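Given the structure is predicted, the values throughout are model-derived calculations rather than measurements.
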Amino acid sequence: FRPAVAQEIIRDVLQKHLEGLVYNPESTVQWTREIAEDVRKQLKGEEQFDSRYKFVVQVLVGEQRGQGFKLGCRCLWDTDTDAFAEEVYTTDSFFCVVTAYGLYHY
C-alpha cells in the first residue's frame with residue numbers, strides 16, 4: 001500500500017465531489033456515501049496496489065464553525081504491509097476528512 005498514491009486519489013475525489021458546495025446537513029449523508037464508494041473503487045482499480053489489498057474508507061463531514069475536533073482510530077495490522085492515507089478538505093462552511101486503510105489479506 002502506497003499512502004502517497006492513495007492520498008492523491010483521495011484529494012482528486014474530494015475536489016470532484018465537493019468543489020463549490022455549501023454545507024447542508026441533509027446532503028452530508030449522500031456526500032459521505034458517494035465519496036467513500038468513489039475512493040474505494042479507485043483504490044481497487046489502481047494498478048500499483050496488489051489485488052490482495054482490502055480497503056476501508058472512512059469519511060467525516062462537519063460544519064465549519066471554527067471549532068476543533070479530534071478523530072482517533074485503533075487498528076490491528078501488519079506494519080510491513082498495511083498502512084493508511086488521509087486527506088482533509090475545508091471550505092468556509094464545512095470540512096471533510098477522508099481516511100483510507102489498506103490492509104493486506106494473506
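Between the CG atom in Leu71 and the OG1 atom in Thr99 there is a gap of 6.0 Å [rounded to 0.5 Å]. Atom-to-atom distance recorded for Thr28:OG1 and Leu21:CG is 11.5 Å, nearest 0.5 angstrom. Of the inter-residue distances, the one linking Leu103 atom CG with Lys54 atom NZ reads 10.5 Å to the nearest 0.5 angstrom.
Leu18 places none of its side-chain heavy atoms less than 4.5 Å from the side chain of Thr91. Looking only at side-chain heavy atoms (C-beta outward), Tyr101 and Cys73 come within less than 4.5 Å of each other.
Between Pro3 and Ala85, the shortest heavy-atom contact is O-CB, 3.5 Å.
Transitive grouping of hydrophobic side chains (ILVMFWY, heavy atoms separated by less than 4.5 Å) keeps Val57 and Phe84 in distinct clusters. The hydrophobic clustering, which links ILVMFWY residues whose side-chain heavy atoms are closer than 4.5 Å, places Phe1 and Tyr106 together.
The salt bridge (charged side-chain N to carboxylate O under 4.0 Å, His left out) analysis of residues 67-94, with sequence neighbours excluded, yields the pairs Arg11-Glu87. Listed by first then second residue, pairs satisfying ring-ring contact (aromatic ring centres under 6.0 Å, His included) with a partner in residues 7-44 read Trp31-Phe94, not counting sequence neighbours. Applying the salt bridge (charged side-chain N to carboxylate O under 4.0 Å, His left out) test to every pair with at least one member in residues 16-43, sequence neighbours left out, gives these pairs: Lys16-Asp38.
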Pairs of donor and acceptor atoms involving the side chains of residues 59-68, under 3.5 Å and at least two apart or interchain, shall be tabulated with distances.
from, atom 1, to, atom 2, distance (Å)
Glu63, OE1, Arg65, NE, 3.3
Glu63, OE1, Arg65, NH2, 3.3
Gln67, OE1, Arg65, N, 2.8
Gln67, NE2, Glu63, O, 2.9

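Taking a 6.0 Å sphere around OH of Tyr89, one finds it holds more than 12 heavy atoms contributed by other residues, nucleotides or ligands.
In terms of the ring-ring contact (aromatic ring centres under 6.0 Å, His included) criterion, residue partners of Phe95 (sequence neighbours excluded) are, by chain and number, Phe69. Scored by the side-chain contact (heavy atoms from CB on, under 4.5 Å) test, Val5 finds Arg2, Ile9, Glu46, Gln48, Phe49 as partners (sequence neighbours excluded).
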